[in-house]
Amino acid sequence: PFRTPQRARDEEFGDVLAEGNFWLLDQGRSVMDADTRHWKDFLAHRKRFIERVLGMVKAARDLPAGDQARMVASLKASLGRLEHITPDLCQDYLRAWAADRELWRSYIDHLATGRPRKAAVRALTHPGRVTPPCPAGPEWSPAPALIARPRMSKPRMAGPQPSLTG
């Protein structure tokens, strides 16, 4: 994730979610334990980790200057994005993801009810041509019912913006 600043910024939220859940599992806990307290602790842990790596990269004397500058910029980009990730955002996102998975599981179950597998797959791949059987009615589909996912706003930096091209 630290290959470029843009990649580090783009991947920080996903890294937080994945590593935050693995952190629970490493402690012998369940993903169901991912409450606000967990995310608050993990986000602080993640920040300390990135800051520690940043310090090691800055202190490294055997890195080519270009690689070192790229790594420093990427780690700072991750830290900048991390400032916008809150415990509530993590919890809300995982709740929305679980609800979305349940919604799709229900849709697929209804889609396959009473029809051969090929017809069910055709209904998924060509939804306009085949109406899936669904107790909620023919107008029901998961698309309008999808849960609005929390969005992170892009951080605004003061001063001139560094170019990532060139």
Side-chain angles (χ1 to χ4, degrees), residues 1-109 124-125 127 136 140-166:
F2 304 118
R3 183 152 178 80
T4 67
Q6 186 63 46
R7 181 175 176 186
R9 218 178 342 270
D10 290 347
E11 294 183 8
E12 185 61 25
F13 184 53
D15 289 348
V16 163
L17 292 174
E19 292 177 26
N21 282 315
F22 283 123
W23 196 42
L24 279 170
L25 298 174
D26 286 345
Q27 296 172 11
R29 297 169 61 201
S30 163
V31 175
M32 300 306 292
D33 295 328
D35 58 8
T36 303
R37 174 73 182 182
H38 161 73
W39 289 113
K40 182 179 177 190
D41 292 347
F42 179 75
L43 290 168
H45 173 81
R46 173 83 177 165
K47 182 177 181 180
R48 286 189 306 271
F49 168 75
I50 294 173
E51 288 171 341
R52 191 169 59 246
V53 172
L54 180 60
M56 289 188 294
V57 169
K58 286 180 176 180
R61 300 292 171 232
D62 59 341
L63 286 173
D67 288 346
Q68 189 175 34
R70 176 184 49 77
M71 289 178 189
V72 166
S74 296
L75 288 160
K76 286 182 176 182
S78 283
L79 282 172
R81 180 54 48 100
L82 189 62
E83 290 299 316
H84 296 274
I85 301 172
T86 65
D88 288 339
L89 175 64
C90 296
Q91 215 173 354
D92 291 346
Y93 186 90
L94 291 177
R95 250 189 247 125
W97 181 37
D100 190 52
R101 287 187 57 192
E102 188 57 39
L103 179 68
W104 275 101
R105 183 177 297 120
S106 171
Y107 178 69
I108 289 170
D109 287 347
L124 270 176
T125 57
W140 187 88
S141 77
L146 286 178
I147 293 166
R149 286 167 184 77
R151 293 182 187 225
M152 292 188 334
S153 61
K154 289 189 176 183
R156 297 185 186 261
M157 296 171 26
Q161 300 296 309
S163 172
L164 297 177
T165 59

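Excluded from the calculations below are hydrogen atoms, water molecules and symmetry mates; all remaining heavy atoms, backbone and side chain alike, are included.
- Remark: Asp10 engages no residue in a salt bridge (charged side-chain N to carboxylate O under 4.0 Å, His left out) (not counting sequence neighbours).
- Side-chain contact between Phe22 and Leu17 is absent, with no heavy-atom pair separated by less than 4.5 Å.
- Residues Phe42 and Cys90 form no side-chain contact, since every pair of their non-hydrogen atoms from C-beta on lies 4.5 Å or further apart.
- With Ser106 contributing its side chain and Glu102 its backbone, the two residues share no donor-acceptor pair below 3.5 Å.
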List, one per line, each side-chain donor-acceptor pair under 3.5 Å for residues 50-62, sequence neighbours excluded.
none

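- In this view, Lys47 and Glu83 satisfy the salt bridge (charged side-chain N to carboxylate O under 4.0 Å, His left out) rule, not counting sequence neighbours.
- Residues that satisfy the side-chain hydrogen bond (donor to acceptor under 3.5 Å, both in side chains) test with Thr86, not counting sequence neighbours, are absent from this structure.
- What you find for Ala8 and Ser78 is that their closest heavy atoms are CB-OG, 3.3 Å.
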Salt bridge (Lys or Arg N to Asp or Glu O under 4.0 Å) assessment of Arg46 paired with Glu12:
CA-CA 10 Å; Arg46 173 83 177 165; Glu12 185 61 25; 2.7 Å; yes

Quiz: residues 23-32 side-chain donor-acceptor pairs under 3.5 angstrom, not counting sequence neighbours:
{"residue": "Gln27", "atom": "OE1", "partner": "Arg29", "partner atom": "NH1", "Å": "3.2"}
{"residue": "Ser30", "atom": "OG", "partner": "Met32", "partner atom": "N", "Å": "2.9"}

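- Atom CD of Glu11 sits about 8.0 Å away from atom OG1 of Thr4, to the nearest 0.5 Å.
- Contact annotation: the side chain of Val16 approaches that of Trp39 to within less than 4.5 Å [non-hydrogen atoms, C-beta and beyond].
- Remark: His45 NE2 to Asp41 CG distance equals 10.5 Å, nearest 0.5 Å.
- Leu75 CG to Phe49 CZ: the interatomic distance, rounded to the nearest 0.5 Å, is 8.5 Å.
- Judged as a side-chain hydrogen bond (donor to acceptor under 3.5 Å, both in side chains), and not counting sequence neighbours, Gln68 has no contacts.
- In this structure, Pro5 and Ala73 approach most closely via the heavy-atom pair CG-CB, 3.7 Å.
- The distance from the CG atom of Leu63 to the CZ atom of Arg70 is 9.0 Å, given to the nearest 0.5 Å.
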